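Step one of this worksheet: look at the structure below.
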Amino acid sequence: MAVAVKKRNVFQISIFFGILTYSNGDAYPYQCIREIKEEYTLPTLPYGYGDLEPYIDEATVKVHHTGHHAAYTKKMNVALQQWRNDPVEGVTIKNTNHLAEKSILDILKEIEEVPQKYRKALTNNGGGFVNHNIYWSVMSPNPENKERLPREPLLSDINKNFGNFSQFVDIFTKDALALFGSGYVWLSRNPLDGNKLLVSTTANQDSPISQRFQPILVLDVWEHAYYLKYQNRRPDHISEWWKIVDWNVVEKLDNWWKDIPQHDEL
Amino acid sequence: MLSAVSASVAESILPKTGALGTLVARLKHTLPDLPYDYNALEPYISADIMKLHHQKHHQTYVNNLNAAEEQLAEAMHKDNINQIIKLQPVLKFNGGGHINHSIFWEVLSPNGGGEPTGDLMHIITRDFGSFDRMKEELTNVTVAIQGSGWGWLGYNPNSFRLRVAALPNQDPLQPTTGLIPLFGIDVWEHAYYLQYKNVRPDYVKAIWNIVNWNAVSERLAAAKQCS
């Protein structure tokens, strides 16, 4: 009797995880960035294009994903392939220690080591790919406009680093408003500074991963992220965006970083 | 017609009492009018975009520039060098934004397009080989801009040559590169997104239909006089 019950539970658990995973086998878009791939695929969103309404409109999510994010993915793959097959800069014999043979996460970490020829293309398109993977992951539908807050232990960390949650929101929002041109606002951990949380910004598709930070929350303030619905009203976009931040995923991402080796262990 | 900027600058000089009771003469910038209706550049740039671009984005640069200049006057008055330096980015963003957009409205026209004539055409042919090659170079450089910025056709007053340049954000051409701006293409997403979405190349291709070559020629003539 006990054995039959155990088997059924395993079966139920498998179904549960089956529903959670997507066609590429990852639960969230951010997960694939540490995988080493010949070619990365545009991740599927964890929700439908219209599911972030009314905070972000369907048309924006669709163009943002199938237009912008897709273009970064494609151009990144081209740059990676060119680099890997470059007779001078790339590898003629497959050498897994070569930076070109690593994951896009590792490549961004050591972006200064990428040959000049490919650095801009990988900063912009590799950055664009990774930044959007994180962006889509940390949002989720909120059809009932419920208040969302981080829970412990992340909430304590936020309080420790920023005073309290509302002060953190203020700091993050101020940075988002003040960012001139195109870029992102990030909440990251700095493993080189006792894993402290910090808010920072990057321009264009630059990634805080290149600064050796571990980003766990991001807001895209490129105009394409909000213009169709909000036009020049960036402040409105920002205040609405807070309602779709998924703190459960932020927490997952925070834990995910803990499993990533800090140093090259090869 | 070097400018809407100088026109708006001349428009109002307000005496202002500084913190210590000293009179500080201040120039207050204003939003220049468009030389045409909001729908005049259709179908190449929609009326919705023109209205937002002018009444919201450009107006904000003007407002923020005025505010920054007030803060600058105060900082100078107090001899607060730290504060003067701190204001530089916001002055560049908003001053550049005001300069760039003031030029932009003038160098577009519902009667534009085609090719230039006269001295401008001669100098383009001389420096690029042909009009089409200049068009291709400016188009490619502009489309390739990462993030927000402008593509420019500029005049080098030292070498007397035309050059194509791309600048990020609202960095103004002349103070940044020394080139005198003749024609510019705004590729901040707000300049085209409502109509062209992510297809920036289509917008840049379309804008060639509304280039006001007369205004560009006048800018060249004025630039030559300065050098």
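Only this structure's heavy atoms are used, side chains among them; waters, hydrogens and symmetry mates stay out. Here is how names work: the chains are called A, B, and so on, in the same order as the sequence lines, proteins then strands, and each is numbered from 1. Worth saying up front: this structure is predicted, and the values here are computed from it rather than measured.
- Of all heavy-atom pairs spanning A:E223 and B:H57, the tightest one is OE2-CE1, 3.7 Å.
- The CH2 atom of A:W222 lies 10.5 Å from the OH atom of B:Y193; values are rounded to the nearest 0.5 Å.
- B:Y61 and A:F180 have perpendicular rings, their planes meeting at more than 60° on a 0 to 90° scale where under 30° would count as parallel.
- Minimum interatomic distance between A:V63 and B:K197 (heavy atoms only, all atoms of both residues): CG2-CD, 4.0 Å.
- Between the CG atom in B:L194 and the CD atom in A:Q231 there is a gap of 6.0 Å [rounded to 0.5 Å].
- In this structure, A:E39 places its CD atom where only 12 or fewer heavy-atom neighbours from other residues, nucleotides or ligands lie under 6.0 Å away.
- Atom CZ of B:R133 sits in a sparse spot, with 12 or fewer heavy atoms from other residues, nucleotides or ligands closer than 6.0 Å.
- Atom CG of B:N198 and atom NE2 of A:H69 lie 13.5 Å apart (nearest 0.5 Å).
- Considering CD1 of B:I145 and CG of A:N204, their distance stands at 10.5 Å, rounded to 0.5 Å.
- The number of heavy-atom neighbours closer than 6.0 Å to CD of B:Q88, taken from other residues, nucleotides and ligands shown, is above 12.
- Around atom NZ of B:K205, no more than 12 heavy atoms belonging to other residues, nucleotides or ligands sit under 6.0 Å away.
- Residue B:Q146 holds its CD atom at 7.5 Å from CD of A:Q205, rounded to the nearest 0.5 Å.
- You'll find the side chain of A:Y227 reaches within 4.5 Å of the side chain of B:L52, heavy atoms only.
- Counting heavy-atom pairs closer than 4.5 Å to chain A, the top-ranked of the candidates B:S148, B:P168, B:G149 is B:S148.
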